[in-house]
Amino acid sequence: MDLLNQLNDKQREAVECTEGPLLILAGAGSGKTRAITFRIAYLMAEKSVDPWNIMAITFTNKAANEMRERVNKVAGMGAEAVWVSTFHSSCSRILRRFADRIGYGNNFTIYDTDDSRTAVKDIIKELSLETKKYSPANIARYISGCKNRMTGPEECAKDARSPEEKNMAEIYRRYNDRLFKNNALDFDDLLIKTVELFKKDSEVLSYYQNRFRYIMVDEYQDTNRIQFEFVLLLAAKHKNICVVGDDDQSIYKFRGADIRNILDFEKHFPGTKVIRLEQNYRSTGNILKAANEVISNNVERKSKKLWTENEEGGLIDMFYYDSAPGEASGVVNSIIKTSHALGVPFHDFAVLYRTNAQSRLFEEQLIYENIPYRIVGAVNFYSRKEIKDVMAYLKTIDNARDDVAVKRIINVPKRGIGGTSIERLDRYASEKGISFYEACAEAEEVPGLGRAAGKIERFVTLIRKLRTIAKEETAAGITEAVINETGYRKELEEENTEEAAERLENIGELVSKARLYDETEGSDGLSGFLQEVSLVADIDSLDENADGVLLMTLHSAKGLEFDHVYIAGLEEGVFPGFRTLWGEDGSEIEEERRLFYVGVTRARKTLSLSMAKSRMMHGETEWHRASLFVEELPAEVVHFHSEGGGRSSYGSSYGSTGRYGTSYGAPAGYGSREGRGGGSQYSGRQPYGGSGTQGHGGTQSAQVPKPSRSAFSYKSFTPSEYKVQKASSLSYGVGDRVKHVKFGEGTVTEIRNQPKDYEVTVDFDRAGTKRLFAAFAKLEKI
DNA sequence: CGTAGTTTTGTTTTT
DNA sequence: CAAAACTACG
């Protein structure tokens, strides 16, 4: 068939090998998604496999949607019936049908990280442990870690030696009990309980085994033990299991990903065929060379070498900035310059960083320069207070056993039900062995409530009323009812502030999302909506076609690619983070290196790296030296720039972070490399933005608007009158006096005609000399 | 019970 | 430095 002609030999081999266990080791940019997509199409078209007998597991919902679309394109109709989704949504779907077989209600609630933390916090209080040593976040992390290793509370208690460990195990035990009572599952439970269901109920298991005769798992290197178990059980019968992964891109060890799953796959499935995809179609030769070189420093890996037929491309840039604001400004200016020079849109650019906290400086700078941007992560739409509040109402309506949800909204909007009342209700509930909501329902029986009892009764009446409405209504209808009947809308309207308006807008957005869900085929009312919504990730709602520079963490960038990539904050202590530097375990540094490798291989055409010698971290200015990864780059493909011209002393003397006893520390050639690439055409001056660059950091924040929040699950910023349109001619010339909206008055010293715009150099009276693009700057002749 | 003010705490990374 | 959590007062 002709679809095979669109593949290389290896890819074709992978597509044609449909029966039995198959491990595809696919390097970055080697067309693995293409291979999977075609494989699904091939199964359907050539092997006459029914689409509903195929399951493909991806890492994000976004990847799932894209894959479904692509399969549709290649295979034509029928692809909707292929089960493409993430581990978590697959499990959620399975449990929605069969959770009752392991003692849960099928309308269980899914707890997100916040909810889990709240539950843990409650338990800590219940046990009256000092919140000092036992922070809810830490304990929640500990519990999640245990779950991912498939260690139950009993086992933890047995292994516990110190009293602290005993307490942790006890919290863990109670946490599990509580979730069960609340008919709630956390993210990890979705996997655990599904596996439990499969093991307990052979009927259910064989149902799904027969249903999913062909299973494919993408990003297999990031699966954890339970996910592996899940796959193992499902594939046990037909053994048509195809996993695709790259051990070099395993970056989720911290949440239980077990690299052994990929390294030992052949042991678990004897007779596995292994196919390697090593031709890279994405990046330039130089970028690939850098990536290969860096990753070769890792010991724990299956050796492979990516190659490409792509052109060599330009050198990779490495910039050393004096400060973090300087870095932000340098990166943004470089984006502006490149965008104009090449005449390419801003959505071809991505800025990647290690931690979400780093995004802010870039946001501020982008707003300052009036550049549209979109940011993934940071403030998840579904973790906004107003959204969580409304969601808590919906959860309460759907599943009254969800104590966390009920407690969240019992006094929102304010009903005069305070902490003491909640405590009394809580005690009453636990003494009687009923749920918190049930306790509310019999408020007059609860001792000591006084006049709060009446208020609680009114709350219960409200919930009952909403439940009645829920029986008749769609998800969107119920959401509307919640906003109106509870007085939530009214409260916000009366507040009459900008923030309240924004909240209302967000709530409106939630209603639209509910409506969208209602219109989806196979939608399943309120319960279905809640469960779907609980599993959306930040990256899922990213529209790559919208314009704007993309800002995200390196983790979020996995699976994506961009023409022009900037990786910022390449400093020891930031990337790799200080935690990994101190750990004596070399494997942590290796994971960071893989993360860097993932970042580097996102780039198609250009890659620009940067570090800031100083950076504000928890209130203090910290000095860092360059990341050890910078040292590992092959010098011949990197152009090392330095900021500030004559100031070549970026190196040696800054070492206040201290010396790390690890074998990775103190690279020999450090500091000498700058000379090699030095004296660049940029040295001495920022590419754009002139002499004032450094100074901005301190003063600009006063004049720059705060990054705005929007109604979507990623933040974005679109300048109101943003348009790149080269004017046919300019109203001013060299020597003229002009006025700029932010920089004030100045004299034009130079005008250069660039392909897409005029580049105007202006000597401002107050702000110094700046190079501006005419279309952006909107200079006025005076 | 609610608010305003104070103190404390903290940085990975995410489904 | 900022957000969250806690405390004391009205």
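In what follows, chains are A, B, ... by sequence order, proteins preceding strands, each numbered from 1.
The residue among A:Ala452 and A:His555 whose nearest nucleotide of DNA chain B is located toward the 5' end is A:Ala452.
Checked against B:dC1, B:dT15, B:dT13, the side chain of A:Thr553 finds its nearest nucleotide in B:dT13. When distances are taken from the side chain of A:His618 to each of B:dT15, B:dT13, B:dG10, the shortest belongs to B:dG10. Looking at the side chain of A:Asn356, the nearest of the listed nucleotides B:dT14, B:dC1, B:dT11 is B:dT14.
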Collect all protein-nucleotide pairs involving nucleotides 2-5 of chain B in which both atoms are nitrogen or oxygen and the distance is under 3.5 Å.
from: B:dG2; atom 1: OP1; to: A:Gly416; atom 2: N; distance (Å): 3.4

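B:dT13 atom P lies 10 Å from atom OH of A:Tyr353, rounded to whole Å. Rounded to whole Å, the distance from CD on A:Gln227 to C1' on B:dT15 is 8 Å. With rounding to whole Å, A:Leu535 atom CG is found 10 Å from B:dT15 atom P. The interatomic distance linking A:Phe187 (CZ) with B:dT13 (C1') rounds to 15 Å, in whole Å. The CZ atom of A:Arg141 sits 9 Å away from the C1' atom of B:dT12 (whole-angstrom rounding). A:Ile456 places its CD1 atom 13 Å from the C1' atom of B:dC1, with the value rounded to the nearest Å. A straight line from CD1 of A:Ile226 to P of B:dT14 spans 19 Å, rounded to a whole angstrom. One interatomic measurement links the two molecules: CD of A:Glu363 to C1' of C:dA2, which rounds to 15 Å at whole-angstrom precision.
Judged by distance alone, with hydrogens and angles left aside, the side-chain atoms of A:Arg415 form no donor-acceptor pair with the main-chain N or O of A:Phe459 at under 3.5 Å. Listed for the A:Tyr566 side chain is no donor-acceptor partner under 3.5 Å among the backbone atoms of A:Leu352.
Distances shown here put every side-chain N or O of A:Thr60 at or beyond 4.0 Å from the OP1 or OP2 atom of B:dT15. Close to B:dT11, at under 4.0 Å from its OP1 or OP2, lies no side-chain N or O of A:Arg354. Taking side-chain N and O atoms only, A:Ser556 has no distance below 4.0 Å to OP1 or OP2 of B:dT13. The phosphate of B:dT15 (OP1 or OP2) has no side-chain N or O of A:Asn224 nearer than 4.0 angstrom. OP1 and OP2 of B:dT14 both lie 4.0 Å or more from every side-chain N or O belonging to A:Thr113.
Between A:Tyr353 and A:Phe575, the ring center distance fails the sub-6.0 Å criterion.
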I'd like a table of donor-acceptor pairs (distance under 3.5 Å, sequence neighbours excluded) in which one partner is a side-chain atom from residues 182-191 of chain A, with atom names and distances.
from: A:Asn182; atom 1: ND2; to: A:Tyr111; atom 2: OH; distance (Å): 3.1
from: A:Asn183; atom 1: OD1; to: A:Gly105; atom 2: N; distance (Å): 2.9
from: A:Asn183; atom 1: ND2; to: A:Asn107; atom 2: OD1; distance (Å): 3.2
from: A:Asp186; atom 1: OD1; to: A:Asp188; atom 2: N; distance (Å): 3.1
from: A:Asp186; atom 1: OD1; to: A:Asp189; atom 2: N; distance (Å): 2.7
from: A:Asp186; atom 1: OD2; to: A:Lys147; atom 2: NZ; distance (Å): 2.8
from: A:Asp186; atom 1: OD2; to: A:Tyr175; atom 2: OH; distance (Å): 2.8
from: A:Asp188; atom 1: OD2; to: A:Ser144; atom 2: OG; distance (Å): 2.9
from: A:Asp189; atom 1: OD1; to: A:Lys147; atom 2: NZ; distance (Å): 2.8
from: A:Asp189; atom 1: OD2; to: A:Lys147; atom 2: NZ; distance (Å): 3.2
from: A:Asp189; atom 1: OD2; to: A:Asp186; atom 2: N; distance (Å): 3.2

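Residues passing the ring-ring contact (aromatic ring centres under 6.0 Å, His included) test with A:Phe59, sequence neighbours excluded: A:Tyr252. Annotation: side chain to side chain contact (heavy atoms under 4.5 Å, CB included) contacts of A:Ala612 (sequence neighbours excluded): A:Ala324, A:Glu327, A:Glu571, A:Arg615. With sequence neighbours excluded, the residues forming a ring-ring contact (aromatic ring centres under 6.0 Å, His included) with A:Phe228 are A:His268, listed by chain and number. With sequence neighbours left out, the side chain to side chain contact (heavy atoms under 4.5 Å, CB included) criterion links A:Ser89 to A:Asn61, A:Ser85, A:Thr86, A:Leu535. Remark: A:Tyr428 engages no residue in a ring-ring contact (aromatic ring centres under 6.0 Å, His included) (not counting sequence neighbours). Partners of A:Tyr220 according to the ring-ring contact (aromatic ring centres under 6.0 Å, His included) rule, which considers only residues two or more places apart in sequence or in another chain, are A:Phe265.
One C1' atom belongs to B:dT12, the other to C:dA5, and the distance between them is 22 Å to the nearest Å.
Aromatic stacking of A:Phe254 on B:dT13: satisfied, with centres closer than 5.5 Å and planes within an angle under 30 degrees.
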Which dot-bracket string fits DNA chain B when only Watson-Crick or G-U wobble pairs with both atom distances under 3.5 Å count, crossing pairs get [ ], and | stands for a partner on a different strand?
-> ||||||||||.....

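As judged by a 4.0 angstrom heavy-atom cut-off over every strand, A:Tyr252 is placed among residues touching the sugar-phosphate backbone only.
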